[in-house]
Amino acid sequence: MSKRFYLTTAIDYVNGAPHLGHAYEKVLADVIARSRRSMGQEVFFLTGLDEHGQKVQQAAQDQGLTPQAYCDRLAEEWVALTKTLGLSNDDFVRTTDARHQKVVQAILTKLHAEGHFYKAAYTGFYSVREETFLTEKDRNPDGTWDPKWGQVNELVEENWYFKLGQHQQWLIGHIESHPESIQPDYRRNEVLGFLRSQTLEDLCITRPVARLSWGIPLPFDPAFVTYVWFDALVNYFSVPAALGDPGALDPLGASGPAISAPHPGLSLWPADVHVIGKDILKFHAVYWPIMLKALGAPLPKTLLVHGWWQKDGAKLSKSTGNVVDPVAVIAEWGLDAFRYYVVRELGIGPDGNWTDDGFKARYNAELANGLGNLLNRALNMLNKYRGGVVPTASDELAAEVVVAVQATGDHLRANDLQGALVSIWTLVNRANLYVEQTKPFSLAKDPAQAARLDEVLYNLVETCRVLAVLLWPFIPGTSEKIFAQLNLTGSPSSWKLTAWGGLPPGHPIGAPLPLFPRKDLPPK
Ligand code: MSP
C-alpha cells in the first residue's frame with residue numbers, strides 16, 4: 001500500500017461569496033495536485049467549507065434562515081466554484097457533514113479521557129453587539145471602548161481549555177529540525193520567533209450553548225459546543241478517517257470502528273501539504289500540530305503559506321466595493337487566463353496586487369502574443385508549406401527543451417509554481433525567437449532550403465507539443481486544445497510525454513484555432 005500525496009486547502013467560511021483570495025488558493029493547490037499526478041504520484045486533493053461559528057450563525061439569522069438551510073444554500077455556490085476553477089479535487093468536505101462531526105467528537109472524547117482539557121471560569125469584557133470577548137488591545141488609549149463594540153459588559157464565563165504548556169518545547173524542536181515544515185522560510189522564522197519569545201496560553205476549545213448554539217456539541221458536556229477552529233482544523237484528518245485510512249483511524253483508538261471500516265488499500269494521513277494564507281498561520285503551525293501530537297497522530301509534512309491579494313493597492317473589501325470577482329473574470333477572459341495570471345503574478349509567499357491593466361497586459365503579451373501566436377504560426381506554416389504533415393524529425397531545440405523541462409520540474413517539486421511558469425516561458429520565448437532567426441517564410445521561397453525548412457517546422461511543432469505537457473498542471477484546458485490542434489489523441493497530462501520526439505514524421509496535424517483571442521487594451 002503506497003501512501004498518496006495528500007494535499008489540502010483552507011476550508012472557506014461560508015458566510016459570503018467567494019473572492020479572488022479564495023480562488024487563488026484553490027488554484028495554487030490544484031496546480032500542485034495536477035503536477036504531482038503528471039509526474040506519476042497518486043494524489044488526494046481535498047478542499048471544502050467551514051460552516052460553524054458565530055459569523056455563520058449571524059449571517060443565517062440576518063437572512064431569516066436556519067444555519068443549516070443557510071449553509072446548504074451557500075454550499076451550492078462554493079461547490080460550483082470548484083467547477084468554475086477547474087479544480088481536480090477528490091473530495092469536498094463540509095464541517096456540517098456527519099462524517100466530519102463524528103471524528104471531531106471522537107478526538108474530543110479521547111483527549112478529554114486522557115486529561116488534556118480542564119474547565120475554568122474566565123472574567124472578561126464582552127461586546128454584546130459583536131458577541132465577542134474583547135482584550136486590552138481593543139481598548140482606546142484613554143481606557144474607553146470604541147462605540148463600534150456597542151455595550152461592553154464585564155462577564156464571567158465558564159469554558160473548557162486545552163492545556164498547551166507541555167507542548168511548547170517539543171514543537172519548537174520539531175519546527176527547528178524540519179525546515180520543510182513551514183514554507184516559505186520567513187514564515188517558519190515568524191512562528192519560531194513567536195514560540196521562543198512567548199508562553200503559549202491554554203486554548204479555549206468551547207463556547208457556551210447559551211451564547212452560540214451553531215457548533216458541534218461537546219460530547220462530554222452538553223452545555224457547550226466546540227470552538228470553530230478546533231472543529232475546522234480537524235477536517236484535514238476527518239476525511240481520511242471517514243474514508244477508512246488506517247493511518248487516521250488508528251490514533252482514534254476505541255472510537256475508530258464507529259467512524260468507518262478500515263480500508264487497507266488507502267493511505268492518506270499525514271497530509272503532505274496544507275496550502276493556507278498567512279493570516280491563519282498560527283492555527284496551523286501551533287494549534288494543529290499540538291492537537292495531533294496529543295492525539296498520537298503523525299504531523300503534516302509542509303504548511304505552504306501564501307500571501308494576500310489586494311486590488312489597486314487597497315485591501316479587498318465588499319463594503320468599499322474593492323473586489324475582484326473570479327467568476328466574472330473567468331466569464332470574460334476564460335478560466336485559463338485567470339489561472340495563469342494569478343499563479344504567474346504572485347509567487348507563494350509575498351502579498352500581491354491585482355490591477356485590471358496588469359491582467360490584460362499579461363494576457364496579451366504572454367498568452368495571446370507569446371504562447372497563442374507561437375502555436376498559431378507553427379501550425380499555419382506547417383499547413384501552408386507541408387500540407388499539414390509533420391516532416392522528418394530533427395532535434396535542433398531538443399537540448400534547450402530538456403533544460404526547460406528539468407527546470408520546470410525542479411520548480412514544481414519545490415512548490416515554486418511561479419518559477420515553473422517563468423521556466424516554461426523561456427521556452428515559449430525561445431521558440432518565438434527561433435522563428436525570427438530561422439525565417440521559415442524566407443526558407444519557403446527557396447526550394448534549395450527544403451530540408452532546412454523541414455527541420456525548422458519539426459522543431460517548432462514538437463516544442464509546442466512539449467509545451468502542452470508542461471502547461472497541463474497550470475492551464476489544462478489550453479494544454480488539451482494544443483494537443484487537439486496537433487491532432488494528438490490522448491491527454492497531455494503525463495510528464496513522460498515531455499520526452500523529445502513524440503511527434504512522428506508523417507503525422508497529420510489538425511486545424512489551427514486561436515488559443516487566446518487578442519483583446520485590445522483600453523485607451524490610457
Ligand atoms: N475558515 C477559515 C479557515 C479554516 S482552515 C481549517 C478561514 N476562512 S476564510 O474564508 O476566511 O479564508 C480562507 C482562505 O482564503 C485562507 O487561507 C485565507 O488566507 C485566504 N484568503 C482570504 N482572503 C485573501 C486574500 N485577500 N488574498 C489571498 N488569500 C486570502 O480563514
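Just follow the structure's listing: the first ligand is 1, and inside any ligand the first atom is 1. For the numbers below, each heavy atom of this structure counts, side chains included, while hydrogens, waters and symmetry mates do not.
When hydrogens are left out, the protein atom nearest atom 20 (C) of ligand 1 is E25 OE1, 4.0 Å; that is the closest non-hydrogen contact. Atom 29 (N) of ligand 1 has its closest protein heavy atom at H306 CE1, 3.2 Å. Nearest protein neighbour of atom 31 (O) of ligand 1, counting heavy atoms only, is I280 CG2, 3.6 Å. For atom 22 (C) of ligand 1, the closest heavy atom belonging to the protein is W308 CZ2, 3.7 Å. D279 OD1, 2.5 Å is the protein heavy atom nearest to atom 19 (O) of ligand 1.
No more than 12 heavy-atom neighbours from other residues, nucleotides or ligands sit within 6.0 angstrom of CZ on R73. In the displayed structure, K110 atom NZ is contacted under 6.0 Å by more than 12 heavy atoms of other residues, nucleotides or ligands.
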Inset, instruction - Verify side chain to side chain contact (heavy atoms under 4.5 Å, CB included) between L249 and I259, making sure each step is shown before the conclusion. - result: CA-CA 8 Å; L249 285 176; I259 305 293; 3.9 Å; yes
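For W229, the heavy-atom gap to ligand 1 drops under 4.0 angstrom. A heavy-atom separation below 4.0 Å is not found between K315 and ligand 1. Heavy-atom distances between Q310 and ligand 1 stay at or above 4.0 Å for every pair. Contact between G352 and ligand 1 is absent, with no heavy atom of the residue lying under 4.0 Å from the ligand. The closest approach between any non-hydrogen atom of F283 and ligand 1 is not below 4.0 Å.
Salt bridge annotation for R211-E157: present, with a cationic side-chain nitrogen under 4.0 angstrom from a carboxylate oxygen. The pair D97-R99 meets the salt-bridge criterion, with a side-chain N (NZ, NE, NH1 or NH2) lying under 4.0 Å from an Asp/Glu carboxylate O. Between K26 and D30 there is no salt bridge, since no side-chain nitrogen of the basic residue lies less than 4.0 Å from a carboxylate oxygen of the acidic one. Using a 4.0 Å cut-off between charged nitrogen and carboxylate oxygen, R94 and D72 count as a salt-bridge pair.
Those atoms of ligand 1 with a heavy atom of L316 less than 4.0 angstrom away are 26 (N). Atoms of ligand 1 found under 4.0 Å from any heavy atom of Y236 (numbered from 1 in listed order, with element): 5 (S), 6 (C). Of all atoms in ligand 1, listed by their number and element, those nearer than 4.0 Å to a heavy atom of H19 are 22 (C), 23 (N), 24 (C). Every atom of ligand 1 is numbered from 1 in the order shown, and the set under 4.0 Å from a heavy atom of D12 is 8 (N), 10 (O), 13 (C), 14 (C). Heavy-atom contacts of A232 reach the following atoms of ligand 1: 6 (C) (cutoff under 4.0 Å).
Counting only N and O atoms by type, the side chains of N89 and T47 include no donor and acceptor under 3.5 Å apart. When only modelled atom types and interatomic distance are considered, Q54 and W214 share no side-chain donor-acceptor pair under 3.5 Å. Looking only at atom types and distance, the side chain of D185 has no donor-acceptor partner in the side chain of Q183 under 3.5 Å away. Checked by atom type, the side-chain pair T95/H100 shows no donor-acceptor distance below 3.5 Å.
Of the candidates V275, N235, I11, it is I11 that places a heavy atom closest to atom 2 (C) of ligand 1. Nearest to atom 27 (N) of ligand 1 by heavy-atom distance, out of W78, W309, Y13, is W309.
Using a 4.5 Å cut-off on side-chain heavy atoms (C-beta onward), L195 and L200 make contact.
The shortest N/O to N/O separation between H22 and ligand 1 falls below 3.5 Å. Between G277 and ligand 1, at least one N/O pair is under 3.5 Å apart. Ligand 1 has an N or O atom lying under 3.5 Å from an N or O atom of D50, backbone or side chain.
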